[in-house]
Amino acid sequence: MVEHFFWLNPGPGTPLPFHHDPALVLLSVAVAVASAALGLHLAETTRRLPPGTQRRRLALLGGAAALGTGIWAMHFIGMLALRLPVSVSYRLPLTALSLLPALLAAWVALRVLARPYVSRAQWLASGCVLGLGVGAMHYSGMAAMQLQPLLRHEPLAFVASLALSVALALLALWLRLALPRRSTWAQHAMPLLSALALGLAFAAMHYTGMHAARFIGLPDSEAPLPSGWRHPLALAVALTTLGVGLLALLLDALLRYRALYRRVRGNEERLQALVDTAVDAIVTIDAHGLIQDFNRSAERIFGWSAAEVYGRNVTLLMPEPFRGAHDWHLQRYLQTGQAHVIGTAREVLGVRKDGSRLPLRLAVGRSGTRQRPVFVGFLTDLTALKQTQAQLRIAASVFHHSNEAVLILDAGLQVTDLNPAFERLMGVTRLGAMRQDIEHWWPDMDSEPLWAAVRERGRWQGELAARTALGDALVQHLSIAAVQDGDQPARHFIVVIRDVTQARRNQQELERIALYDALTGLPNRRLLMDRLRQAMAQAQRSGQLLAVCFLDLDGFKQVNDRHGHEAGDILLVEVGRRVQALLRAHDTLARLGGDEMALLLGELDTPDAGLPVLRRVLDAVRQPVTLPGGTGQVSVSLGFALYPLDGASADALLRHADQAMYQSKQAGKDRICRHGARAVTGTQGAPV
Ligand SMILES: Nc1nc2c(ncn2[C@@H]2O[C@H](COP(=O)(O)OP(=O)(O)OP(=O)(O)O)[C@@H](O)[C@H]2O)c(=O)[nH]1
């Protein structure tokens, strides 16, 4: 078996002499180097592509095809360069099959080269695969030769050819991978060097392999095949190989162009989306000031449609005097390069389609080429901002000039601001108030529930007793509102303080007038009715009795007649004071009008329990009263009804007490009568 492949020295027969056509040898080397350069270039392109993509796979296949075909073509041209004194033909299937190891080896090597990181083992493996692959191609190609002499290989040269192939492949890959490329020189030189090394690896393998070949037999008696067809065939193979390489390059360029185009399209679409959705107006003009682009916000802000303004001068959007000066500014910028607006933002006035003006903030950027500059204006509509600013100024003025005291607190209830009205009301200075704890001014403030309510409902209002810095006690109405920002917890609280001290006093006075008798200060009928209902409820709860008494002075008219009306008034006041003095805190004495009074005595355990007090009332009223013009004397007729014994309603009780009083009058005055009974107590308290 071995002797069928190797020529073991001394072998049978004498090897035939052969030599190579130098021109074709050169061509084969050139093809090898060019293919190596192409393959390595495509591997480098592949390395930059994202892994797993179709583009990467295509680039890799293209590179492998270019390199594999190149190796094969180099070998084929090398075989054409061979000059033997015998006629040679080739078995086509095996010749074609020899392309396969070349393609496989190229594919494996380029796959490794295209990796972002290549380990030492991968480098060694790929170098071996490439070197041995080229060897496999060479010897299978040699086996395709059909010739009369026997073909054998010298073992040492055979091994040397494979070793050289592997070594040079490793060197070429190492040059491509391992050497740092800090300088531009290295960046350009290394690919060339590695392509040269790889190309030479292929050629060296082939020609060392040829050196190992032994053709054993006799030369043909006839002249060997004419060599005229070899050169054109070799050239055709070289050109075809070049074509395959160029095709791979073209494919790579096309793929690159497509990716670039997609990226540009994507960028453009993104930019367009940005321009379309921008809140600001974006208006692009050329060097003549003519509008090139007008985004949706520009349409909304200016009221023009893009179609209406394309090609028109941008001064269309400016009121005078900006309009007149714009062209001049533009020309000056183009001539001198001096610009005031580019790169900075400033406030300008714009004009809408309907002629109304609007405040804008303008920032201008320049793009385009030097010869054809384009200016992009970014315009922010400041209308709302200006309105807000005006409102803020008004609010600040209201805050400052308001007659209502306003206090602003932060989230920690520290005073952050206050207005002059607050200073006046509380007698504090602004600086002093800033350091003050608010409970100092409102000592009764029930802080926890109050602030909890403000935080929960957003506001609270109510009246609180206040203490000013001067120690004055005031009643104030506080409206507290939380300044909320969406769902966020309140960051500030506004406290509006109104002094209601005088209003409360007035109210109390009105209540007093409405419920008390102006002359004697005793409760009037209205308050009596109220107290009566309360006393009835209390009696019901306690199960005790309540006495409702009716009092009418006896002989009062005479006092009036004798001493005058004013003296009568004095007597009425004195009588009220004396009776009041005899009562307990929860008893009520009311003046019903004229010389009529009513008395409520609660918490009585027995029907007679109130009689001692009533007798003392009779005694007290009977005592003379000193008047400006002398002494006046009256007595009182008293009737009473007991709740619940003598009536279930307030009206009934009063009516019955009135009737009982009438009975007392009838019975001779100055006495006490219970409803439904005869007079129970006569003059001096003696029973009748
Ligand atoms: N000074 C004064 N007199 C009043 C007032 N209101 C009513 N009077 C007078 O009080 C008197 C009440 O009349 P009478 O009850 O008939 O007088 P009297 O002398 O007590 O008669 P008897 O009740 O029958 O004992 C009238 O003269 C009223 O003008 C008041 O506010 N001040």
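Indexing begins at 1, ligand by ligand and atom by atom, following the structure's order. Quantities reported herein were computed from a predicted structural model and do not represent experimental measurements.
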Legend entry - Residues Lys669, Asp552: salt bridge by 4.0 Å N-O rule: no

Legend entry - SB check Arg616 Asp619 (cutoff 4.0 Å):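 Answer for the salt bridge query: no.
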
Atoms of ligand 1, numbered as shown, that sit under 4.0 Å from any heavy atom of [X]:
X      : result
Lys669 : 22 (P), 24 (O), 25 (O)
Asp552 : 23 (O)
Asp569 : 1 (N), 2 (C), 30 (C), 31 (O), 32 (N)
Phe556 : 1 (N), 2 (C), 3 (N), 4 (C), 8 (N), 9 (C), 10 (O), 11 (C), 18 (P), 19 (O), 20 (O)
Gly568 : 1 (N)
Leu553 : 20 (O), 23 (O), 25 (O)

Please table the atom pairs, donor to acceptor, closer than 3.5 Å between any side-chain atom in residues 438-450 and protein atoms at least two apart or in another chain.
unit_1 : atom_1 : unit_2 : atom_2 : d
Glu439 : OE2    : Ser447 : OG     : 2.3
Trp442 : NE1    : Gln476 : OE1    : 2.7

Legend entry - Contact with ligand 1 for Lys665, non-hydrogen, under 4.0 angstrom: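 Under 4.0 Å: yes for Lys665.
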
Legend entry - side chain to side chain contact (heavy atoms under 4.5 Å, CB included), paired with Phe640, selected from Leu600, Leu653, Leu614, Leu599: Leu614

Legend entry - Closest to atom 3 (N) of ligand 1 (judged by heavy-atom distance), picking from Val634, Val559, Asn560: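 Looking at heavy atoms only, the winner is Asn560.
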
Inset, instruction - Give the single entry among Arg591, Lys557, His565 that approaches atom 31 (O) of ligand 1 most closely by any heavy atom. - result: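 Of the listed residues, Arg591 has the closest heavy atom.
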
Inset, instruction - Step through the shown structure and confirm whether more than 12 heavy atoms of other residues, nucleotides or ligands are within 6.0 Å of CZ on Arg525. - result: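 Count not over threshold, so no.
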
Inset, instruction - Heavy atoms only: give me the nearest Glu423-Arg430 pair and the separation to one decimal. - result: OE2-N, 2.8 Å

Inset, instruction - Heavy atoms only: give me the nearest Pro624-Thr631 pair and the separation to one decimal. - result: CB-CG2, 3.3 Å

Legend entry - atom 16 (O) of ligand 1: any protein heavy atom closer than 4.0 Å: no

Do me a favour and list the nearest non-hydrogen protein atom to [atom] with residue, atom name and distance?
atom                    : answer
atom 14 (P) of ligand 1 : Asp595 OD2, 4.2 Å
atom 21 (O) of ligand 1 : Gly555 N, 4.4 Å
atom 6 (N) of ligand 1  : Gly594 CA, 3.3 Å

Legend entry - Donor-acceptor pair, side chain of His656 and main chain of Asp646, under 3.5 angstrom: yes

Inset, instruction - Measure Asp561 to ligand 1 on non-hydrogen atoms and call it side chain, backbone, both or neither using the 4.0 Å cut-off. - result: neither

Legend entry - Trp304 six-ring centre to Arg312 NZ/CZ under 6.0 Å and within 45° of normal: yes

